[in-house]
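Working notes, beginning with the structure itself.
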Amino acid sequence: FCYNCAFYFRGLYLMYACAMERSEKEGEDVISKGSYLPIPTIEPDVEPTRMEQLQMSLKRIMEEDKIYLRTGLRMDDLAMEPGTNRTYVARLMMETYGRSFVEQVNISRIKSAQDDMLRHRNSTMEEIALRNGFASGSSFNRVFRHHVGTTPIAWRNQALEYFGNR
């Protein structure tokens, strides 16, 4: 499965999620339209190993704390959070996400930027780039185009066209 396809389908999902959010505000029955309930996870009774603890910590830092939104984030910064070193962070990134540190940070930033573009339609690409951890609009444009296959402006225009610019 290629990155471009993943980002394309994620974009469709985001568009669907925005439509669902709008229908909730308008009082429509969302459950009949295909919403779902999250599946609960079952925690094991076994004490996690140090690597498992670091992996859980890394996931929390990336997914809940959203450390990737920090401009100029370095692997050393990420290693300091759970109290480990860059060697373990590199290994954990590969084991947890199947990608390098730089790739995962860029992908997380792009996903966040896609959400941001749909929520803040009047923001400039420079504003979106800076809010989502990119050093500049040009670096955002370059990374976005590499992973998604189109420019951020073209992606947003296509998303807005899909929804009739509501």
From [X] [atom1] over to [Y] [atom2], what is the distance, rounded to the nearest 0.5 angstrom?
X      : Y      : atom1 : atom2 : result
Met51  : Leu92  : CE    : CG    : 4.0 Å
Glu63  : Ser108 : CD    : OG    : 7.5 Å
Leu69  : Arg109 : CG    : CZ    : 8.0 Å
Lys111 : His147 : NZ    : NE2   : 11.0 Å
Ile67  : Met62  : CD1   : CE    : 8.0 Å
Thr84  : Leu78  : OG1   : CG    : 9.5 Å

Quiz item: Where is the tightest heavy-atom contact between Ser139 and Ala135, given as atom of each residue plus distance?
Solution: OG-N, 3.7 Å
Practice problem: Locate the shortest heavy-atom distance separating Phe101 from Met93; write the atom from each residue and the value. | Solution: CD1-CE, 3.8 Å
State, yes or no, whether a side-chain contact exists between [X] and [Y] at a heavy-atom distance under 4.5 Å.
X      : Y      : answer
Ile110 : Tyr68  : no
Leu58  : Tyr88  : no
Met125 : Phe144 : no
Arg156 : Ile128 : yes
Glu127 : His120 : no

Self-check item: Shared hydrophobic cluster, Val102 / Met75 (ILVMFWY, side-chain heavy atoms < 4.5 Å)
Solution: yes
Quiz item: Is there a path from Val143 to Leu73 through hydrophobic residues (I, L, V, M, F, W, Y) whose side chains come within less than 4.5 Å of each other?
Solution: no
Practice problem: Kindly assign one of parallel, tilted or perpendicular to the pair Phe140 and Phe134, based on the angle between their ring planes and the thresholds 30° and 60°. | Solution: tilted
Where the side chain of [X] meets the backbone of [Y], is there a donor-acceptor pair that is under 3.5 Å apart?
X      : Y      : answer
Asp116 : Ser112 : no
Glu103 : Ser100 : no
Arg86  : Ala79  : no
Asn85  : Thr87  : yes

Self-check item: Residues Asp77 and Arg70 bridged, charged N to O under 4.0 Å
Solution: no
Quiz prompt | Name of the residue among Lys59, Gln104, Gln55 meeting side chain to side chain donor-acceptor pair (under 3.5 Å) with Thr96 | solution = Gln55
Quiz item: Cut-off 3.5 Å, side chains only: do Ser57 and Gln53 have a donor facing an acceptor?
Solution: no
